[in-house]
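Whatever order the structure lists them in is the order used to number ligands and atoms, beginning at 1.
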Amino acid sequence: MDASADRSGLVRFTADVITRFRDGLDDRAVFPPVDEREVRDALGASMPAVGTAASTVIDDLVRIVEPHVVASAGPRYFGFVTGGSLDAPLCADLLVTGWDQNAFNAVTSPIAAIVEDVAGRWLIDLFGLPAAASFGFVTGGQGANTAGLAAARHHLLASCGWDVEADGMVGAPAITVVASVERHATIDRSLRLLGLGRRCLREVQADANGAIDVDALGAALADVNGPTIVCLQAGNVNTGACDDLARACDVAHRAGAWVHVDGAFGLWAATNPATASLTAGLERADSWATDGHKWLNVPYDCGYVFCSHPEVHRDALSMTAAYLMGSSAAGLRAPSDFVVESSRRARGLATYAALRELGRAGIAEMVERSCRLARLFATRLGAVEGIAIGNDVVLNQVLVCFGNDDRTDAVAAAVQASRECWMGVTTWRGRRYMRISLSGWGTTDTDVDRSVAAVLAAHARV
Ligand SMILES: *Cc1c(COP(=O)(O)O)cnc(C)c1O
């Protein structure tokens, strides 16, 4: 099919491609093969000297790329922690692209600032965070952890009389970061970027399912002097385990620490009555990070940072320049005051669309269904000779062992090659596991049936 030369034809062609792709997600290979050489040749060897008609560019891109697109938006992709995208946020995001708003502040786009403000307030309500909390729309969990820890750094150093914005980190009072051995790798990168460095970390042991040992946390804090950040986690990326936030926040605050919660996907447990006890006490923390592109099923990229001290959050991250003409024009909140980007995508629209498409009830249902299907995987696979479940399936993550590390890797590779579904592998407590994550809005019992069949076929064959 040729893209029509005119813009209307081209945009319609693109919409048709997207529609056809999404309609076909249930049937296409979940992880199609790709020959790098072939794709590079088709894309062109060198920078083109002259331009090409837009319709030809798009036609070629669809022809070259689409056959190799990973069906992570579909119902049988269980790798990492990956959401698809619901219809309303998908289309809202297409509008964002079409309207091309700069969501930097209320001067560049008042409407982007307003929509983001509404969506941010709804999220605070949904998670049960303090009503006055501030928020920032970022690229994902990594960006949210960095922004939250930047607020922590600003606050702790200011409390010691150190102006980190003016004087930087050289010669600053040392900050200790206490976190469990099970923290996500993005925490370490945020600490590097913030000039705190890996050696500021004091590691605390975790329990059998990977949640922080709160007694060990208390003991570690008793040994620490000076400004301290405690990093907690809701949703262990291997097991789904959530730290006991209520107890851990109390222990940390008694020691005068700032508490940051990395809840990239686990914070969503709070939105479902059946799992809310896992995150009980979350509102006691000082900053929180979570993702939109995981369990909320909005398109990449989208994450959120929240902070219970709005002025600290703004002081840590806002910037100003003469040409900015007052970033809070018309009294509107300036989105970029709470993140590390200046010019930025209007991410608020896709989030607004997802929250409206699902509502509180729909979000709870989606989270609950993911958890139920995770338990179904565990029950079905765990009942088979030679297969063992490696975690307590408290949320949406399932670890599966097929006898020994080599066999587990081989079975996972065979499942991936089957193209029927896709699961990754991980190392947890020194052993290899197939990791199954249920985070897509479209996954049904039938998809679990098909995927269990694919896993059992690989298990029998390997
Ligand atoms: C996925 C994840 C992150 C990183 O999020 P990105 O969106 O990939 O930046 C951080 N922490 C946890 C617990 C995660 O699961």
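Close contacts between ligand 1 and Val237 involve ligand atoms 15 (O) [criterion: under 4.0 Å to a heavy atom]. Ligand 1 places these atoms under 4.0 Å from at least one heavy atom of Gly235: 13 (C). The distance from ligand 1 to the heavy atoms of Phe265 drops below 4.0 Å at these ligand atoms: 15 (O).
Among protein heavy atoms, the minimum distance from atom 9 (O) of ligand 1 is reached at Gln142 N, 2.8 Å. At the top of the distance list for atom 11 (N) of ligand 1, counting protein heavy atoms only, stands Asp262 OD2, 2.7 Å. Residue, atom and distance of the protein heavy atom nearest to atom 6 (P) of ligand 1 are Gly141 N, 3.3 Å.
The existence of a salt bridge linking Glu420 and Arg28 is excluded, since no basic side-chain nitrogen approaches an acidic carboxylate oxygen closer than 4.0 Å. Salt bridge Glu36/Arg40: present, at least one basic N to carboxylate O contact under 4.0 Å.
The shortest separation from a heavy atom of Gly303 to ligand 1 is not under 4.0 Å, leaving the residue out of contact.
Looking at residues two or more places apart in sequence or on another chain, you find a side chain to side chain contact (heavy atoms under 4.5 Å, CB included) between Asp406 and Asn404. Residues forming a ring pair (Phe, Tyr, Trp, His ring centres under 6.0 Å) with His184 (at least two apart in sequence, or on another chain): none.
Between the side chains of Thr275 and Asn272, at least one donor N or O sits under 3.5 Å from an acceptor N or O. With 3.5 Å as the limit, one finds no donor-acceptor pair spanning the side chains of Gln233 and Arg183. Under 3.5 Å, the side chains of Gln142 and Thr186 contain no donor-acceptor pair of N or O atoms.
Contacts with ligand 1 closer than 4.0 Å are made by no heavy atom of Phe80, backbone or side chain. At a heavy-atom distance under 4.0 Å, only side-chain atoms of His184, from C-beta outward, approach ligand 1.
One option in Lys294, His293, Glu182 has a heavy atom closer to atom 2 (C) of ligand 1 than any other, and that option is Lys294.
For ligand 1, none of its N or O atoms has an N or O atom of Thr139 under 3.5 Å away.
Atom CZ of Arg380 sits about 11.0 Å away from atom CG of Leu373, to the nearest 0.5 Å.
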